[in-house]
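Structure, as structure tokens:
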Amino acid sequence: MTTSGIPTAPGALPLVGHAPRMLRDPLRFVAGLAAHGDLVRIRQGTSRAVVVCRPDLVREVLRDDSRFSPGDHPHGGRRGAAGPAFDASRMPGYAAVMAEHIERVTGRWKDGRIVDVAAEARDIAAAATFGALVSGGASRAAARRCVRDARTVLDGAYRRTFPPVPPARPPGPGRVRRAAANRRLRQAVKEFTDAYRAEGDDRGDLLSVLAGVHDGGADEPPRTPDEIADQALAFFGAGWCTTAATVAWALHLLAGRPDVQRRLHLEADAVLDGGTAAFEHLPRLEVTGRIVTETLRMYPPVWLLTRTLSADTELGGQRLRAGTALLCSPYLIHHREDLYPDPGRFDPDRWTADKERPSDAYLAFGAGDRGCAGDAFAVTAATLTLASIAARWRLLPVPGAAPRAKAAGTISPEGLRMRTMSRSAVPSLTREGTP
């Protein structure tokens, strides 16, 4: 590839290149690349890539599949393939499923207990996402198996984003485990699909759309079992991993901003009055929505995307040859100081209507035809979950339990433990005195 005019990121080591820095702290490494240019070269072993660091160039790459062939990422798949499943008319039904599982998980919390916030958020999101995917027709055991297998497949997403060192090696236990989980998951989806098609009724869930039994489905060519499984897995990535990580990070960030937390509680009190959030509450959950948006800015679910040039082309004034590997990072764009002043500060008020914001610099769900089709579902789920928790609980940080950002398929808070405090049990935490 012709990259003579493109700077190389500093710190490359002989043979392994930037691999140690990528593995040790990938978020810091990637975020720092923008300081070196609009396009920056990195190397990992024998593999080389060009990182795109300017928002308009990132959107150009993500929107043009004819020149920039998509790579593998956990929320992959064209938006149009499952588009009908995310039509606005179906969201109230999905939200009802979400509310049921939010109530179930948070209802078992006890005042003063220490909980693994990430695990609790995953539990809520997993049940809600599977319920929206398959509404009934699956036993609890089957649902648990599917969720477990989906997580196994998705956990390897980051390792597949950039080739390992060395680039070729025999399959290890992790790869064998993911392959087995992938086979089981696809077989389960096929069995569900066969049952849906035999029944022929639209249950109002995602699989009804993918199986072609929703209203209007007869006019579409039937999808193959692999296509359906791909879309189901993409839905898990968007609806489960994204929702869980966003809720967990939001609760952690709120603990450091008691002023914002107070506003969240006041809004939850006014809108929900101690109940569980439902779809009809969304227009009034403005503060909650801004908190979710800012959390997605700081920890975007799709944080690293790959593309490969299918033909010689020019990008950002540089001539690149076919076969060049490109990396685009929403995390990098979201942490540029020139686009988001003080980017490490959690500030939901960035998103108030009167604030000026860069029009092309918010990429929480990617961009273009392969932008995440489930973004509305994920945002809805995170908003309802956060508001429902705020209506009844305040979560306090546990000393010495600061989370570590784990960059895998999504950016998850590892080791996030917090203490639950019932707002109804403590007078100072009631509507009038929320701290």
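Just so you know, residue 1 is the first one in the sequence shown, and it goes up from there. In this text, all values refer to a predicted model and were calculated from it rather than measured experimentally.
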Could you check whether any side-chain N or O of [X] sits under 3.5 Å from a backbone N or O of [Y], counting only pairs where one atom can act as donor and the other as acceptor?
X	Y	answer
His265	Arg262	no
Asp111	Ser422	yes
Arg297	His334	yes
Trp249	Ile411	yes
Glu267	Val287	yes
Thr308	Ser69	no
Arg290	Thr352	no

With a 6.0 Å cut-off (strictly less than), is the heavy-atom count around [atom1] of [X], excluding the residue itself, greater than 12?
X	atom1	answer
Arg257	CZ	yes
Arg28	CZ	no
Arg113	CZ	no
Arg417	CZ	no
Lys110	NZ	no

Non-hydrogen atoms of [X] and [Y] that approach each other most closely:
X	Y	answer
Leu304	Leu327	CD1-CB, 4.3 Å
Ala31	Tyr331	CB-CE2, 3.8 Å
Glu227	Arg223	OE1-CA, 3.3 Å
Arg203	Ser208	N-OG, 3.0 Å
Glu120	Val115	CG-CB, 4.1 Å
Ala99	Thr276	O-CG2, 3.9 Å

Please examine the side chains of [Y] and [X], heavy atoms only from C-beta on, and report whether any two atoms are closer than 4.5 Å.
X	Y	answer
Met418	Leu251	yes
Leu210	Val189	no
Tyr196	Asp205	yes
Leu27	Trp303	yes
Leu296	Tyr362	yes
Tyr299	Pro413	no
Val379	Phe365	yes
Arg104	Asp123	yes

Among Leu57, Val58, Val302, find the residue that satisfies the side-chain contact (heavy atoms from CB on, under 4.5 Å) test when tested with Cys328. Val58
What's the spacing between [X] [atom1] and [Y] [atom2] if we round to 0.5 Å?
X	Y	atom1	atom2	result
Arg419	Ile114	CZ	CD1	4.0 Å
Leu133	Gln231	CG	CD	11.0 Å
Arg345	Glu294	CZ	CD	9.5 Å
Leu332	Leu363	CG	CG	10.5 Å
Cys241	Arg122	SG	CZ	9.0 Å
Asp342	Asp347	CG	CG	8.5 Å

Could you check whether Arg263 pairs with Glu286 (Lys NZ or Arg NE/NH1/NH2 to Asp/Glu carboxylate O, under 4.0 Å)? no
Assess the residue pair Trp109 and Ile389 against the criterion (side chain to side chain contact (heavy atoms under 4.5 Å, CB included)); give the C-alpha distance rounded to whole Å, side-chain angles, the decisive distance to 0.1 Å, and a yes or no. CA-CA 11 Å; Trp109 289 358; Ile389 291 173; 4.0 Å; yes
Does a donor on one side chain sit under 3.5 Å from an acceptor on the other, for [X] and [Y]?
X	Y	result
Glu191	Gln187	yes
Asp226	Thr224	no
Thr152	Asp149	no
Asn182	Arg186	yes

Begin from the C-alpha positions of Thr106 and Ile124 and carry the test side chain to side chain contact (heavy atoms under 4.5 Å, CB included) through to its verdict. CA-CA 8 Å; Thr106 60; Ile124 294 171; 4.1 Å; yes
Examine Arg24 relative to Phe29 and say whether NZ or CZ is less than 6.0 Å from the centre of the six-membered ring and inside a 45° cone about the ring axis. no
Measure from NZ or CZ of Arg350 to the centre of the six-membered ring of Tyr340, then state whether that distance is under 6.0 Å and the direction lies within 45° of the axis. no
Show your reasoning for whether side chain to side chain contact (heavy atoms under 4.5 Å, CB included) applies to Gln44 and Met22. CA-CA 9 Å; Gln44 184 164 310; Met22 282 284 285; 3.9 Å; yes
Could you please spell out the steps behind the side chain to side chain contact (heavy atoms under 4.5 Å, CB included) verdict for Met98 and Thr380? CA-CA 9 Å; Met98 296 174 202; Thr380 298; 4.2 Å; yes
